[in-house]
Amino acid sequence: MNKITNHMPTAELQAIDAAHHMHPFTANDELAKHGARVITRADGVTLTDSEGEQILDAMAGLWCVNIGYGRDELAEVAARQMKELPYYNTFFMSTHVPAIALAQKLAELAPGDLNHVFFASGGSEANDTNIRLVRRYWDLMGKPDKKVIISRKNAYHGTSMGSASLGGMQGMHAQGGMPIPDIVHIGQPYWYLEGGDMSPEEFGLMRARELEQKIDELGEGRVAAFIAEPIQGAGGVIIPPDSYWPEVRRICAERDILFIADEVITGFGRTGEWFGSQHYDLSPDIMTVAKGLSSGYAPIGGSLVSDKVAAVIGREEFTHGYTYSGHPVAAAVALENLRILEEERIVDHVRDEAAPYLAEKWHQLADHPFVGETTIVGMMASLALTADKSVRKPFKASPGTVGYMTRERCFGNNLIMRHVADRMIVAPPLVMTKSDIDTLFERAVKSLDEAY
Ligand code: PLP
């Protein structure tokens, strides 16, 4: 059998890939027909493929490569840690220095009293942990009937049975008996498509109050928690109206429920603050983190837990954990990533420089005849492709057709932009310069012009 290398002809790599590799969120038959693009290298904000094409990655991989590609420091830390202690677990009464140091650093960076961390390998596992944490909390509080977790339609919280059930993606629920029991979904604060004649502010309040109505309908004695992304990411970068979060905050404060902020995308600088909870002044009891925690250089995630919840959970053995909880190499890489974010003042760069410039350019795209709203917070932005923007009318083609076409044009023009139905999304590496943003804008305009 041939050794597979970067130097093999692309078609050969694609054929072997299609024959043996089942891709996430992909119809494998399509791979056999068209072949996947083979990415061979990356540096800064640019990917290189097997044909030598240079592609601007305006999605930071999967919203995760916050510090950009090709940082040698992380590779060096990983190699050093692998030689010193490649693996040990943190079960029972063992621990190790990378996990200790990362837990302390996260407690320092996280808002409020989120001073404790339960490590996982990514966001899905961390959200599974959260389901168990909140139910266990209420058991230990003597309220075992409080089991229901309220989430939102079109939310994305991962792909395991638990986390996909927390998520509100119809297409995922349809493929495997989800949601699991005791998870319910309320509406999302998506004014552009669902707001009708209401003002954004009225609509935001209405959607926030669905939480209160759902708690009343179920009975407060049955509700364990509300989970939400500060900004829905994979759902289409749905930036809520300004009225939404203050009202949710009021409801959570008045009701005896826990609030889980899923910051897998919004964490580690994406919004121009360290965490989206700071952008919206939220005080979660539990926060999910992953992705930007290591900038994607190693698989790691976790649940940041408040003093209040940790004190109760700590009373007895919590029968939960993953082989790779706090993996020493991933933890060391994450710690080095946080050092870079901090020392290079990357969050300040987002807030003061990159995000305002990206916003200026992004809003110019609204001049295009088929672009309805353009929205952005920090370095996450979306736009609605719209048949008639005067009345926010979607295209007649089945949802996603137009978005898919646009994404393909972007891909052809060496720009990675993602689509969710007919919304186009970017979430670039946070280290983007103004000149990178100019390139992004030029390629986006060209792609939109070619698509319509
Ligand atoms: N939560 C949110 C908000 C996400 O966007 C994602 C992934 O995109 C997840 C959870 C799941 O994370 P992972 O893919 O690391 O399991």
Side-chain angles (χ1 to χ4, degrees), residues 23-26 57 59-66 117-131 133 149 151-169 171-173 178-179 183 185 188-190 225-240 259-271 275-277 279-280 282 284 286-304 322-327 330-331 333-334 337 377-382 416 418-420 423 425-428:
H23 289 221
F25 288 96
T26 306
D57 183 7
M59 280 306 300
L62 282 175
W63 330 70
C64 53
V65 188
N66 289 13
V117 54
F118 197 105
F119 285 115
S121 309
S124 304
E125 279 188 4
N127 278 326
D128 275 10
T129 299
N130 293 340
I131 297 173
L133 271 175
I149 303 176
S151 179
R152 302 181 299 176
K153 291 177 185 146
N154 211 24
Y156 189 86
H157 297 298
T159 57
S160 60
M161 285 296 282
S163 61
S165 295
L166 287 178
M169 298 283 175
M172 293 172 77
H173 290 178
M178 288 173 276
I183 292 176
H185 298 86
Q188 58 175 339
Y190 187 2
F226 174 56
I227 182 167
E229 306 152 78
I231 295 168
Q232 280 176 311
V237 183
I238 309 300
I239 296 171
F259 171 48
I260 307 165
D262 184 338
E263 296 243 20
V264 166
I265 286 176
T266 52
F268 306 104
R270 173 100 8 233
T271 65
F275 296 96
S277 291
H279 181 82
Y280 288 114
L282 310 175
I286 296 174
M287 183 191 278
T288 322
V289 293
K291 295 193 191 277
L293 169 57
S294 68
S295 283
Y297 280 65
I300 185 165
S303 305
L304 306 188
Y322 305 104
T323 299
Y324 301 127
S325 286
H327 189 285
V333 167
N337 170 61
V377 167
M379 296 292 270
M380 56 193 301
S382 63
I416 306 265
R418 183 159 155 184
H419 80 109
V420 174
R423 284 188 88 79
I425 291 171
V426 291

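Counting convention: from 1, in listed order, for ligands and their atoms alike.
Identified under the side chain to side chain donor-acceptor pair (under 3.5 Å) test for residues 292-302, with sequence neighbours left out: Ser295-Asn337.
Sorted by chain then number, the residues whose non-hydrogen atoms approach ligand 1 to under 4.0 Å are Gly122, Gly123, Ser124, Asn127, Tyr156, His157, Gly158, Glu229, Asp262, Val264, Ile265, Lys291.
Between the side chains of Thr129 and Tyr322, at least one donor N or O lies within less than 3.5 Å of an accepting N or O.
Taken to the nearest 0.5 Å, the CE atom of Met172 stands 4.0 Å off from the CZ atom of Phe25. In this structure, CD1 in Ile183 is found 9.0 Å from OG in Ser163, a value given to the nearest 0.5 Å.
Looking at residues two or more places apart in sequence or on another chain, you find a ring pair (Phe, Tyr, Trp, His ring centres under 6.0 Å) between His185 and His173. Residues satisfying the salt bridge (Lys or Arg N to Asp or Glu O under 4.0 Å) criterion with Arg423, sequence neighbours excluded, are Glu373.
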